[in-house]
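The structure appears right after this line, and notes come after that.
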Amino acid sequence: QVQLGESGGGLVQAGGSLRLSCAVSGRSVDTNAMGWFRQAPGKEREIVAAMSGVGYLGGMTYYADDVKGRFTISRDNAKNQLYLQMNSLKPEDTAVYYCVARPVSSMMAGAQYYDAWGQGTQVTVSP
């Protein structure tokens with residue numbers, strides 16, 4: 001019923017940029033709370049960024065401290081896609097990045113609150 005597909009990952013040198021995209025079908029990025037998680041080798045899965053749906057406060061965003069000021073989450077309602085613009089990338093950003101959706105407008109930091117997950121896209125940042 002719902003499908004999320006990430007793309008845009010790859011290999012980039014430190015200081016470079018990438019934009020991740022998440023194509024969503026079967027659900028609206030406008031009404032769902034949407035977000036990005038990542039999991040690095042040997043680390044727990046962590047929230048990267050999230051934004052609320054229109055039922056809560058459209059345009060409200062959250063960023064993890066580690067990425068604040070470098071990453072930007074956004075959505076295109078017409079295309080039903082979610083994006084993560086990543087600038088000034090660091091080797092510490094290396095991880096598999098997952099697009100997530102929550103069928104409620106309010107956003108949550110915990111992974112358990114998101115019922116729809118993409119398969120992930122690998123981001124590798126070299127020194």
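Under the ring-ring contact (aromatic ring centres under 6.0 Å, His included) criterion, Phe37 pairs with Tyr114, Trp117, not counting sequence neighbours. For Ser74, the side-chain contact (heavy atoms from CB on, under 4.5 Å) partners two or more places apart in sequence, or in a different chain, are Tyr83. Contacts of Arg27 classified as salt bridge (charged side-chain N to carboxylate O under 4.0 Å, His left out), with partners at least two apart in sequence or in another chain: Asp115. Scanning for salt bridge (charged side-chain N to carboxylate O under 4.0 Å, His left out) contacts around Arg19 gives an empty result, with sequence neighbours left out.
The closest donor-acceptor contact from the side chain of Asn80 to the backbone of Val24 lies under 3.5 Å. Remark: the backbone N or O of Ser52 is not paired with any side-chain donor or acceptor of Ser105 at under 3.5 angstrom.
Annotation: disulfide bond (SG atoms under 2.5 Å apart) contacts involving residues 59-94, sequence neighbours excluded, are absent.
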| query | How far apart are the C-alpha atoms of Leu20 and Met86, what are their side-chain angles, what is the distance that settles it, and do they pass the side-chain contact (heavy atoms from CB on, under 4.5 Å) test? | reply | CA-CA 8 Å; Leu20 305 184; Met86 305 184 294; 3.7 Å; yes
| task | List the steps and the verdict of side-chain contact (heavy atoms from CB on, under 4.5 Å) for Ser7 and Thr121. | result | CA-CA 6 Å; Ser7 62; Thr121 184; 5.7 Å; no
| request: Output, in order, the C-alpha distance, side-chain angles, deciding distance and verdict of side-chain contact (heavy atoms from CB on, under 4.5 Å) for Asp30 and Arg75. | output: CA-CA 8 Å; Asp30 193 31; Arg75 64 186 171 210; 4.1 Å; yes
Side-chain polar contacts of residues 65-73 - donor-acceptor pairs under 3.5 angstrom, sequence neighbours left out - could you list them?
from, atom 1, to, atom 2, distance (Å)
Arg70, NH1, Ser88, O, 3.0
Arg70, NH1, Asp93, OD2, 2.7
Arg70, NH2, Asp66, O, 2.9
Arg70, NH2, Asp93, OD1, 3.0
Arg70, NH2, Asp93, OD2, 3.4

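Here the closest heavy-atom approach between residue Gly120 and residue Val96 is recorded as CA-CG1, 3.8 Å. Between Ser17 and Val12, the shortest heavy-atom contact is N-CG2, 4.0 Å. Minimum interatomic distance between Gln122 and Ala95 (heavy atoms only, all atoms of both residues): NE2-O, 3.4 Å. Of all heavy-atom pairs spanning Ala33 and Ser106, the tightest one is CB-O, 3.4 Å.
Rounding to the nearest 0.5 Å gives a distance of 11.0 Å between CG of Leu84 and CE of Met51. For the atom pair Met34 CE and Leu4 CG, the distance stands at 5.0 Å (nearest 0.5 Å). Separation of atoms OH (Tyr97) and CD (Glu6) is listed at 12.5 Å; rounding is to 0.5 Å.
Heavy atoms of other residues, nucleotides or ligands lying less than 6.0 angstrom from OH of Tyr63 number more than 12.
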